[in-house]
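Heads up: the structure comes next, in structure tokens.
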Amino acid sequence: MIVEPAPAKLNLALHVRARRDDGYHELETLFVFVRDGDTVRLTAGTRDGFAIIGPFAAGLGGEGDNLVTRARDAFRADFGIGDPLSIVLDKHLPVASGIGGGSADAAATLRAMARLADVALDDARLMKIAAALGSDVPACLAGRTMIGRGRGERLSPIDVPPLPVLLVNPGVGVSTAAVFAGWDRIDRGALPDGDALAIAMNGRNDLEPPARALAPAIDAVLALLVQATGVRLARMSGSGATCFALFDRAEDCAAAATAIRAARPDWWCLETALA
């Protein structure tokens, strides 16, 4: 059995620069990853199988097509490997939540299949498959802090300290396409210069205003996060609706999580740290 983690992705900053002729958007973003997320398990078998378990399995249970199975099929097509596999996705991240759950799952599947087939993880074909699967999949395949440009597939590594981080989702799924459609098409400029924290602190998320218009519950999440003791930065990730708060001290992160769980037990709340 191959067990591969699929950690949650955060956009500490996300600048939308232009809408491209191909329908995608020109982006500049700071990708980071946390310690926790989903898990993909691969087992050689006599026939293919795919199952979803975990607390958020129901959100994907009706889908016959999934980024995990697309990643499996694309890997097979490119590498000519077709042995039967049983795949189990243990789903702990909310669906359609701006933290790269599906992209992380696809990337973990590619890494797991590469390990099973003795394919080097830096094989250029893996990154090509990832880019075809989705804009966030290449960063999730790399699995480390990166500056992303283009659709997000042009990646440059950068370091980030392992700060405590709290993730909160109000239980609202937000359509990425609808959020991008709500962007006002104003280019507010490039990512700032500096280290990762300077970029985060002085950057922004251009998708936050349209997401908040579509899902006002994001306002309530951010209002609680910004008033937490010791918070360094609170912002929405990706196209939402998950928001994050960075802390200097794990104790402050834990206290904020306790307070939010008490105030809003219906929300998803995860204490973790940047990886």
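In this text the structure is predicted, and so the values were computed from the model without any measurement.
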task = Could you tell me whether the side chain of Arg232 reaches within less than 4.5 Å of the side chain of Leu197, counting heavy atoms only?
result = yes

request  = Would you check if the side chain of Asn11 reaches a backbone N or O of Leu14 as a donor-acceptor pair within less than 3.5 Å?
outcome  = no

message = Could you walk me through whether Thr145 and Leu30 satisfy the side chain to side chain contact (heavy atoms under 4.5 Å, CB included) test, starting with their C-alpha distance in whole Å, then the side-chain angles of each, then the deciding distance to 0.1 Å, before giving a yes or no?
response = CA-CA 7 Å; Thr145 305; Leu30 174 56; 3.9 Å; yes

task = Considering non-hydrogen atoms only, spot the tightest contact between Leu207 and Gly238 and give its length.
result = CB-O, 3.8 Å

query = Do Val168 and Thr242 touch side chain to side chain, with heavy atoms closer than 4.5 Å?
reply = no

query = Which atom pair, heavy atoms only, marks the closest approach of Ile2 to Ala112?
reply = CG2-CB, 3.7 Å

request  = Go through the structure and list residues passing salt bridge (charged side-chain N to carboxylate O under 4.0 Å, His left out) with Asp22, not counting sequence neighbours.
outcome  = Arg20

query = Which atom pair, heavy atoms only, marks the closest approach of Ala273 to Pro162?
reply = CB-O, 4.2 Å

inquiry  = Within the structure provided, determine whether Val68 and Ile52 are in side-chain contact (heavy-atom separation under 4.5 Å).
reply    = no

task = Step by step, work out the salt bridge (Lys or Arg N to Asp or Glu O under 4.0 Å) result for Arg261 and Glu271.
result = CA-CA 11 Å; Arg261 288 184 183 118; Glu271 290 172 70; 3.2 Å; yes

message = Within this structure, what is the NZ-OG distance for the pair Lys9 and Ser103, rounded to the nearest 0.5 Å?
response = 7.0 Å

Just distance, no hydrogens or angles: give the donor-acceptor pairs under 3.5 Å from side chains in residues 214-230, sequence neighbours left out.
from	atom 1	to	atom 2	distance (Å)
Asp219	OD1	Arg212	NE	2.5
Asp219	OD1	Arg212	NH2	3.1

request  = Heavy atoms only: give me the nearest Asn205-Ser237 pair and the separation to one decimal.
outcome  = ND2-C, 3.9 Å

ask   = Just by modelled atom types, is the Gly98 backbone N or O under 3.5 Å from a matching donor or acceptor in the Ser239 side chain?
value = no

ask   = Is it true that Met127 and Val119 fall in one hydrophobic cluster, defined by side-chain heavy atoms closer than 4.5 Å?
value = yes

ask   = Does some side-chain heavy atom of Leu155 sit less than 4.5 Å from a side-chain heavy atom of Pro138?
value = yes

inquiry  = Using modelled atom types and a 3.5 Å cut-off, is there a donor and acceptor pairing between side-chain atoms of Asp206 and backbone atoms of Trp183?
reply    = no

task = Test Phe244 against every option in Leu166, Leu270, Leu12 by the side-chain contact (heavy atoms from CB on, under 4.5 Å) rule and name the one that passes.
result = Leu12

message = Run Leu67 and Asp105 through side chain to side chain contact (heavy atoms under 4.5 Å, CB included) and show every step you take.
response = CA-CA 7 Å; Leu67 272 172; Asp105 299 339; 5.9 Å; no

ask   = Say you draw a straight line from CG of Leu246 to CG of Leu163; how long is it, rounded to the nearest 0.5 Å?
value = 6.0 Å

Set of residues satisfying side-chain contact (heavy atoms from CB on, under 4.5 Å) with respect to Asp48, sequence neighbours excluded = Arg72, Arg76, Pro84, Leu85

message = Go through it in stages, so that I can follow the logic: the residues are Arg151 and Asp136, the test is salt bridge (Lys or Arg N to Asp or Glu O under 4.0 Å), and I'd like the CA-CA distance, side-chain angles, deciding distance and then a yes or no.
response = CA-CA 8 Å; Arg151 289 193 294 136; Asp136 286 349; over 6 Å; no

message = Between Glu4 and Arg115 (salt bridge meaning N to carboxylate O under 4.0 Å), is one present in this structure?
response = yes

request  = Would you give the length of the straight line joining atom CG of Asn169 to atom SG of Cys269, rounded to the nearest 0.5 angstrom?
outcome  = 10.5 Å

Neighbour count above 12 (heavy atom, 6.0 Å) for Asp184 CG = yes

note = side-chain contact (heavy atoms from CB on, under 4.5 Å) filter on Ala190, not counting sequence neighbours, yields Arg17, Glu28

message = Quick check: is Phe31 connected to Leu27 through a chain of hydrophobic side chains (ILVMFWY, heavy atoms under 4.5 Å apart)?
response = no

inquiry  = Apply the hydrophobic cluster definition, ILVMFWY joined by side-chain contacts under 4.5 Å directly or through others, and give me every member besides Val88.
reply    = Ile53

inquiry  = Salt bridge check, Arg70 against Asp73: does any charged N sit closer than 4.0 Å to a carboxylate O?
reply    = no

ask   = For the atom pair CG (Leu116) and CE (Met113), what is the distance rounded to the nearest 0.5 Å?
value = 7.5 Å

message = Regarding Thr272 and Asp36, do their side chains bring together a donor and an acceptor under 3.5 Å, going by distance alone?
response = yes

ask   = Can Val231 be reached from Met201 by stepping across I, L, V, M, F, W or Y side chains whose heavy atoms are under 4.5 Å apart?
value = no

message = I'd like to know if the side chain of Arg111 reaches the main chain of Ala6, judged simply by a donor and an acceptor atom lying under 3.5 Å from each other, with no hydrogens or angles considered.
response = no

request  = Please confirm whether His25 and Phe180 have ring centers closer than 6.0 angstrom.
outcome  = yes

query = How many angstroms lie between atom OG1 of Thr109 and atom CD1 of Ile129, to the nearest 0.5 angstrom?
reply = 11.5 Å

Worked verdict on Leu110 versus Leu133 for side chain to side chain contact (heavy atoms under 4.5 Å, CB included) = CA-CA 11 Å; Leu110 292 178; Leu133 288 169; 4.2 Å; yes

query = Going through the distances and angles, do Phe33 and Cys140 end up as a side chain to side chain contact (heavy atoms under 4.5 Å, CB included)?
reply = CA-CA 8 Å; Phe33 295 86; Cys140 292; 3.9 Å; yes

query = Distance-only, no hydrogens or angles: does the Thr29 side chain make a donor-acceptor pair with backbone N or O of Ala13 under 3.5 Å?
reply = yes

ask   = Would Met236 end up clustered with Phe247 when hydrophobic side chains under 4.5 Å apart are linked, directly or stepwise?
value = no

message = Do Ser156 and Met146 have side chains that approach each other closer than 4.5 Å (heavy atoms only, starting at C-beta)?
response = no

For the student: nearest non-hydrogen atoms of Ala241 and Pro170, plus distance = O-CD, 3.7 Å

request  = Identify, with sequence neighbours excluded, every residue that meets ring-ring contact (aromatic ring centres under 6.0 Å, His included) alongside Phe79.
outcome  = Phe75

message = Tell me whether Arg149 contacts the main-chain N or O of Glu26 through its side chain, where contact means a donor paired with an acceptor under 3.5 Å.
response = no

query = Is there a side-chain contact between Pro157 and Arg144, using heavy atoms and a 4.5 Å cut-off?
reply = yes

ask   = Are the side chain of His15 and the backbone of Gly189 linked by a donor-acceptor contact shorter than 3.5 Å?
value = yes

query = Would you say Leu42 and Val3 are hydrophobically clustered, going by side-chain heavy atoms of ILVMFWY under 4.5 Å?
reply = no

task = List the steps, then state whether salt bridge (Lys or Arg N to Asp or Glu O under 4.0 Å) holds for Asp38 with Lys91.
result = CA-CA 5 Å; Asp38 298 335; Lys91 192 71 186 161; 2.7 Å; yes

ask   = Taking atom OG1 of Thr69 and atom CD1 of Ile87, what is their separation to the nearest 0.5 Å?
value = 7.5 Å

